[in-house]
Amino acid sequence: MIFKVAEKFVSINGEGTKAGQPAVFIRLAGCNLRCSYCDTMWANGSDTPFEPMTEDEIAAYIADSGIKNVTLTGGEPLMAENVRVLLERLSHEDITVEIETNGSADISVCDGISPRPSVTLDYKLPSSGMEKHMLMSNYDRLIKNDTVKFVAGSHDDLEKALEVIKKYDLTNKCHVYFSPVFGKIEPAEMVDFILEHKLNGVNFQLQLHKFIWDPNKRGV
């Protein structure tokens, strides 16, 4: 199978349960959403430049890196045609695979894969403009190794996140992370909200910018 790889690089993971650890990032081109705060819009369109790679070529790139954490991101990686072929191919490697998905794609594509990739599932809050696209059946498929991420840009966003957490008992089901949209909400307001509502099990995290490692350079 051929996959549209918009970008591939080695860096330090900037968010989630693997934050601070080395990771190989495979960014697949194309996304069905257009979030107001998107920082990778360049990778979302039908005209996004990409490198065609087979599942074996992607696996070889990961193996050559020597890094054991792999993040499939986008765009929206679960939109990729035959993505299960790639997931099954990577499941045979000695690596840990995380999928970053926007919350509108069906994560059941991961069912039956052993070891199952971990899923970082975004819930697009009202300020994103994309909340109506959330596929809520995904919340019945979450397991302990998965993560739900709320990127908030307003107090109303925080209230909505609280509603979703309670409705789906997320802090007892999986990892939960809050991150701010920079310039839209003060991190201190988010921290105060977590403390005020005694949100045990919710992690506050500032998302870090990408740092690409190049063995011939110090970084980009």
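Worth knowing before you read on, the calculation uses all heavy atoms, side chains too, and leaves out hydrogens, waters and symmetry mates.
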Is the NZ or CZ atom of Lys184 both under 6.0 Å from the centre of the six-membered ring of Tyr37 and within 45° of that ring's axis? no
How long is the span from the OH atom in Tyr123 to the OG atom in Ser128, to the nearest 0.5 Å? 9.0 Å
Do Val5 and Phe50 sit in the same hydrophobic cluster, where Ile, Leu, Val, Met, Phe, Trp and Tyr count as joined when their side-chain heavy atoms come under 4.5 Å apart? no
Tell me if the CD atom of Gln21 is crowded by more than 12 foreign heavy atoms within 6.0 Å. yes
Would you kindly confirm whether Phe204 and Leu199 end up in one hydrophobic cluster when ILVMFWY residues are joined by side chain heavy atoms under 4.5 Å apart? yes
In terms of relative ring orientation, are Phe178 and Phe150 parallel, tilted or perpendicular, with 30° and 60° separating the classes? perpendicular
Verify the cluster assignment for Ile165 and Ile143: are they in a single hydrophobic cluster under the rule of side-chain heavy atoms below 4.5 Å apart? no
Ile26 side, atom CD1; Glu7 side, atom CD - distance, nearest 0.5 Å: 10.0 Å
Within one Ile-Leu-Val-Met-Phe-Trp-Tyr cluster: Leu78 and Met130, side-chain cutoff 4.5 Å: yes
Expected output: side-chain Asp94 to main-chain Lys68 donor-acceptor under 3.5 Å: no
Within the distance-only criterion (no hydrogens, no angle test), does the side chain of Lys144 pair as donor or acceptor with the backbone N or O of Asn172 below 3.5 angstrom? yes
To check you understand the geometry: which heavy-atom pair defines the closest contact between Met41 and Cys38, and what is its length? N-SG, 3.5 Å
If we ignore hydrogens and angles and just use 3.5 Å, is the side chain of Asn69 paired with the main-chain N or O of Pro22 as donor and acceptor? yes
Evaluate side-chain contact (heavy atoms from CB on, under 4.5 Å) for Ile62 paired with Glu93, printing each intermediate quantity in order. CA-CA 9 Å; Ile62 294 167; Glu93 303 294 329; over 6 Å; no
Any idea which heavy atoms bring Ile107 and Leu142 closest together, and the distance? CD1-CD2, 4.3 Å
Is there a donor-acceptor pair under 3.5 Å between the side chain of Asn102 and the backbone N or O of Ser104? yes
Taking Asp64 for its side chain and Tyr61 for its backbone only, find out whether a donor-acceptor pair lies under 3.5 Å. no
Hey, could you give me the CZ/OG1 distance between Arg27 and Thr40, rounded to the nearest 0.5 Å? 5.0 Å
Expected output: side-chain Ser179 to main-chain Gln205 donor-acceptor under 3.5 Å: yes
Which one of Thr96, Thr71, Thr147 satisfies the side-chain contact (heavy atoms from CB on, under 4.5 Å) criterion with Lys18? Thr96
Can a donor-acceptor pair be found, under 3.5 Å and without considering hydrogens, that links the side chain of Lys173 to the backbone of Tyr139? yes
Consider only side-chain N and O atoms of His155 and Glu159, and report whether a donor and an acceptor are under 3.5 Å apart. yes
Would Met1 and Arg89 satisfy side-chain contact (heavy atoms from CB on, under 4.5 Å), going step by step from the backbone distance to the final call? CA-CA 11 Å; Met1 301 297 174; Arg89 175 67 179 82; over 6 Å; no
Are Ile113 and Leu28 connected into the same hydrophobic cluster when the rule is that any two of I, L, V, M, F, W, Y join if their side-chain heavy atoms are below 4.5 Å apart? yes
To check you understand the geometry: which heavy-atom pair defines the closest contact between Ser118 and Asn145, and what is its length? CB-O, 3.5 Å
Considering non-hydrogen atoms only, spot the tightest contact between Pro117 and Cys110 and give its length. CD-CB, 4.3 Å
Within this structure, what is the CG-CG distance for the pair Leu86 and Asp56, rounded to the nearest 0.5 Å? 10.0 Å
Sidechain-backbone polar pair: Ser108 side chain, Asp111 backbone, donor-acceptor under 3.5 Å: no
Phe3 and side-chain contact (heavy atoms from CB on, under 4.5 Å): which partner among Glu81, Glu55, Glu51? Glu55
Which heavy-atom pair separates Arg116 from Val119 by the least distance, and what is that distance? NH2-CG2, 3.8 Å
Would you check if there is a donor-acceptor pair between the side chains of Glu98 and Thr120 at a distance under 3.5 Å? yes
Rounded to the nearest 0.5 Å, what separation is found between the CG atom of Asp140 and the OH atom of Tyr168? 7.5 Å
For Ile185 and Leu158, run side-chain contact (heavy atoms from CB on, under 4.5 Å): C-alpha distance rounded to whole Å, both residues' side-chain angles, the deciding distance at 0.1 Å, then the answer. CA-CA 10 Å; Ile185 188 172; Leu158 295 176; 3.8 Å; yes
Straight-line distance of Leu125 CG to Lys160 NZ, nearest 0.5 Å: 8.5 Å
If every non-hydrogen atom of Asn44 is compared with every non-hydrogen atom of Thr48, which pair is closest and at what distance? N-OG1, 3.5 Å
Could you give me the CA-CA distance, side-chain angles and deciding distance for Arg141 and Asp106, then say whether side-chain contact (heavy atoms from CB on, under 4.5 Å) is met? CA-CA 10 Å; Arg141 295 183 176 276; Asp106 190 348; 4.3 Å; yes
